[in-house]
Engineer: 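The structure's right below; bear with me while I get my questions together.
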Amino acid sequence: MVIPVDREGRVIDSSMGRKTNEMDEPNTRKGGGRDDKETPKIIVDVRDLRSTLPSLIHKKGMEIIPLTLEVGDYILTPDTCVERKSVSDLIGSLNSGRLYSQATAMTRHYKKPVLLIEFSESKSFSLQSPSAMHSEISSQSVSSKLVLLTLHFPKLRIIWSQSPYATAEIFEALKSGQPEPDPSIAISVGAESLNDVQGLIYSPIGQDMLLKMPGINSKNFKTLMDKVKNLQDLIRFSEQELERLLGNDSNAHLLWTFLHSDLESQIATKTFNKKN
């Protein structure tokens with residue numbers, strides 16, 4: 001089953017494609033033997049051309065436009081971007097934090113970002129065995145990480161596909177009645193992501209930890225992560241060196257004080273401030 005990105009709360013079968021009727025059939029009684037309806041187009045990242053999916057899409061009568069994409073693997077409409085993952089790719093990108101970065105880029109540039117998880121026909125249509133499922137969230141659980149991903153990115157839609165053949169049918173259904181994607185816009189989105197989303201190459205856990213420290217904000221954390229290898233390296237910096245990195249003496253003072261003051265005195269200060 002798949003949740004359409006344009007109609008939340010309703011489902012369509014994954015085998016559902018665009019219905020064929022007399023209006024869709026080529027009319028050989030007209031001159032030329034073909035109708036004037038525009039061929040549906042899908043923009044595909046050139047790195048995904050090695051898979052079988054592009055050829056299956058082409059067999060369904062859709063035109064493939066290969067481009068080097070920085071955001072997403074497939075662009076179905078001007079608003080719909082799809083990141084396609086096999087189960088092994090999904091687990092690897094969840095563990096490395098790459099999927100977090102990809103979801104950030106998709107939600108930033110597209111109204112309907114989609115994560116498509118594609119299974120193999122020769123394997124069970126199940127992400128985890130029932131024995132591996134836990135009632136509580138676990139940092140080691142794939143399903144738990146997916147739940148956290150959807151909580152962090154409410155716009156992100158997840159589609160489950162049994163095989164590349166089912167994926168081709170899903171793409172056909174999602175494109176039905178929708179406007180065609182513009183290759184020039186897809187290229188510009190990729191170019192912008194190289195300049196504007198450089199922070200996505202960093203570990204999301206490291207980013208979150210730094211951004212919780214006093215004196216560090218969204219404007220200076222990238223510079224800090226470029227210059228500092230780890231937390232131990234950060235502690236070695238003097239207040240003057242932090243000022244040069246952060247570009248602000250007050251932020252540098254806040255960070256240096258946080259890193260070097262005694263933990264008990266920090267707790268006592270916070271408790272005193274709350275009481276007053």
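Sequential numbering from 1 along the given sequence is applied to the chain's residues. Small disclaimer: the values here were computed from a predicted structure and weren't measured.
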Engineer: Measuring from Ser161:OG to Phe119:CZ, what's the distance to the nearest 0.5 Å?
Structural biologist: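 Interatomic distance, Ser161 OG to Phe119 CZ, rounded to 0.5 Å: 9.0 Å.
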Engineer: Has His260 got a side-chain atom pairing as donor or acceptor with Ile235's backbone, closer than 3.5 angstrom?
Structural biologist: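 Pair found, side chain donor or acceptor close to backbone of Ile235.
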Engineer: Testing the basics here: between Val82 and Met106, what is the closest heavy-atom pair and its distance to 0.1 Å?
Structural biologist: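 Shortest heavy-atom separation between Val82 and Met106 comes out as C-SD, 4.3 Å.
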Engineer: Flag the pair Ile159 / Leu174 as yes when at least one side-chain heavy-atom distance between them is below 4.5 Å, and no otherwise.
Structural biologist: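 The answer is yes; the side chains approach within 4.5 Å.
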Engineer: In the hydrophobic clustering that connects Ile, Leu, Val, Met, Phe, Trp and Tyr at side-chain heavy-atom distances below 4.5 Å, which members other than Leu56 occupy its cluster, ordered by chain and number?
Structural biologist: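 For the cluster that includes Leu56, the remaining residues are Tyr165.
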Engineer: How many angstroms lie between OG in Ser163 and CG in Leu53, if you round to the nearest 0.5 Å?
Structural biologist: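 Here the rounded value is 9.5 Å.
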Engineer: Taking Arg157 for the side chain and Pro154 for the main chain, is one N or O donor matched with an acceptor at less than 3.5 Å?
Structural biologist: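 Flag set: sc Arg157 to bb Pro154 pair under 3.5 Å.
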Engineer: Apply the side-chain hydrogen bond (donor to acceptor under 3.5 Å, both in side chains) test between Tyr74 and each candidate in Asp45, Thr167, Asp48; give the one that qualifies.
Structural biologist: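 It is Asp48, the one option of Asp45, Thr167, Asp48 that forms the side-chain hydrogen bond (donor to acceptor under 3.5 Å, both in side chains) with Tyr74.
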Engineer: Measure from the side-chain N and O atoms of Lys155 to the backbone N and O of Arg108, and report whether any donor-acceptor pair falls under 3.5 Å.
Structural biologist: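 No, Lys155 side chain to Arg108 backbone: no donor-acceptor pair under 3.5 Å.
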Engineer: Test Leu115 against Phe153 for side-chain contact (heavy atoms from CB on, under 4.5 Å), laying out the working first.
Structural biologist: CA-CA 11 Å; Leu115 170 62; Phe153 301 99; over 6 Å; no
Engineer: So does Glu63 get a backbone contact from the side chain of Lys41, meaning a donor-acceptor N/O pair under 3.5 Å?
Structural biologist: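 A pair under 3.5 Å: no.
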Engineer: Are Phe237 and Trp256 close enough that some pair of their side-chain heavy atoms sits under 4.5 Å apart?
Structural biologist: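 Side chain of Phe237 against side chain of Trp256, heavy atoms only: no contact under 4.5 Å found.
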Engineer: Checking Ser184 against Asp182 for the side chain to side chain donor-acceptor pair (under 3.5 Å) test, could you report, in this order, the C-alpha distance in whole Å, the side-chain angles of both residues, the deciding distance, and whether it holds?
Structural biologist: CA-CA 6 Å; Ser184 62; Asp182 188 331; 2.6 Å; yes
Engineer: Walk me through whether Ile75 and Val189 qualify under side-chain contact (heavy atoms from CB on, under 4.5 Å).
Structural biologist: CA-CA 11 Å; Ile75 310 299; Val189 167; over 6 Å; no
Engineer: Would you check if Val71 and Tyr110 make a side-chain contact, meaning some heavy-atom pair closer than 4.5 Å?
Structural biologist: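 A side-chain contact under 4.5 Å exists here.
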Engineer: Do Met213 and Leu254 have side chains that approach each other closer than 4.5 Å (heavy atoms only, starting at C-beta)?
Structural biologist: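 Side chain of Met213 against side chain of Leu254, heavy atoms only: no contact under 4.5 Å found.
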Engineer: Step by step, work out the side-chain contact (heavy atoms from CB on, under 4.5 Å) result for Glu180 and Lys175.
Structural biologist: CA-CA 8 Å; Glu180 299 299 334; Lys175 280 190 62 64; 3.0 Å; yes
Engineer: Quick check against the 3.5 Å criterion: does Asp73 have a side-chain atom that pairs as donor or acceptor with the backbone of Arg84?
Structural biologist: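 Present.
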Engineer: At their closest point, which heavy atom of Gly72 faces which heavy atom of Glu83, and how far apart are they?
Structural biologist: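 Taking Gly72 first and Glu83 second, the nearest heavy atoms are CA-OE1, 3.5 Å.
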Engineer: Would you name the heavy atoms of Thr39 and Gly61 that are closest together and state the gap between them?
Structural biologist: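 Here Thr39 and Gly61 meet closest at CG2-O, 3.3 Å.
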Engineer: Kindly compute the distance separating CD1 (Ile91) from CG (Leu146), expressed to the nearest 0.5 Å.
Structural biologist: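 Ile91 atom CD1 to Leu146 atom CG measures 9.5 Å (nearest 0.5 Å).
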Engineer: Quick one: pull up CD in Gln162 and CD1 in Ile170 and give me the separation to the nearest 0.5 Å.
Structural biologist: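 One finds 9.0 Å between CD of Gln162 and CD1 of Ile170.
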Engineer: Search all heavy atoms of Gly215 against all heavy atoms of Leu246 and return the closest pair with its distance.
Structural biologist: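 Looks like O-CD1, 4.0 Å.
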Engineer: At what distance, to the nearest 0.5 angstrom, does CG of Asn251 lie from CD1 of Ile216?
Structural biologist: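 If we round to the nearest 0.5 Å, Asn251:CG and Ile216:CD1 are 9.0 Å apart.
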Engineer: Which residues pass the side-chain hydrogen bond (donor to acceptor under 3.5 Å, both in side chains) test with Asp249, not counting sequence neighbours?
Structural biologist: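 Residues passing side-chain hydrogen bond (donor to acceptor under 3.5 Å, both in side chains) with Asp249: none at all.
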Engineer: Working to the nearest 0.5 angstrom, can you tell me the gap between Leu255 CG and Leu245 CG?
Structural biologist: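 Nearest 0.5 Å value for the CG-CG distance: 9.5 Å.
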Engineer: Who are the salt bridge (charged side-chain N to carboxylate O under 4.0 Å, His left out) partners of Glu241, not counting sequence neighbours?
Structural biologist: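 Counting only residues at least two positions away or on another chain, Glu241 forms no salt bridge (charged side-chain N to carboxylate O under 4.0 Å, His left out).
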Engineer: A side-chain contact here means heavy atoms from C-beta on lying under 4.5 Å apart; do Tyr100 and His152 qualify?
Structural biologist: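 A side-chain contact under 4.5 Å exists here.
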Engineer: Using side-chain heavy atoms (C-beta onward) and a distance below 4.5 Å, is Thr80 in contact with Gln178?
Structural biologist: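 No. Closest side-chain heavy atoms not under 4.5 Å.
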Engineer: Report the C-alpha separation of Ser93 and Lys85 in whole Å, then their side-chain angles, then the decisive distance to 0.1 Å, and conclude whether the side-chain contact (heavy atoms from CB on, under 4.5 Å) test is met.
Structural biologist: CA-CA 9 Å; Ser93 58; Lys85 297 286 186 187; 3.8 Å; yes
Engineer: Within the 4.5 Å heavy-atom criterion, are Leu67 and Pro183 side-chain neighbours or not?
Structural biologist: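 Leu67 vs Pro183: side chains touch.
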Engineer: Kindly say whether Thr52 contributes a backbone atom to a donor-acceptor pair with the side chain of Ser55 at under 3.5 angstrom?
Structural biologist: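 Side chain of Ser55 to backbone of Thr52, a donor-acceptor pair under 3.5 Å: yes, one is there.
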Engineer: What are the two closest non-hydrogen atoms of Leu242 and Ala252, and how far apart are they?
Structural biologist: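 Minimum heavy-atom contact is C-CB, 3.7 Å.
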Engineer: Kindly indicate whether the side chain of Leu90, heavy atoms from C-beta on, has any atom under 4.5 Å from the side chain of Leu94.
Structural biologist: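 Yes - at least one pair of side-chain heavy atoms lies under 4.5 Å apart.
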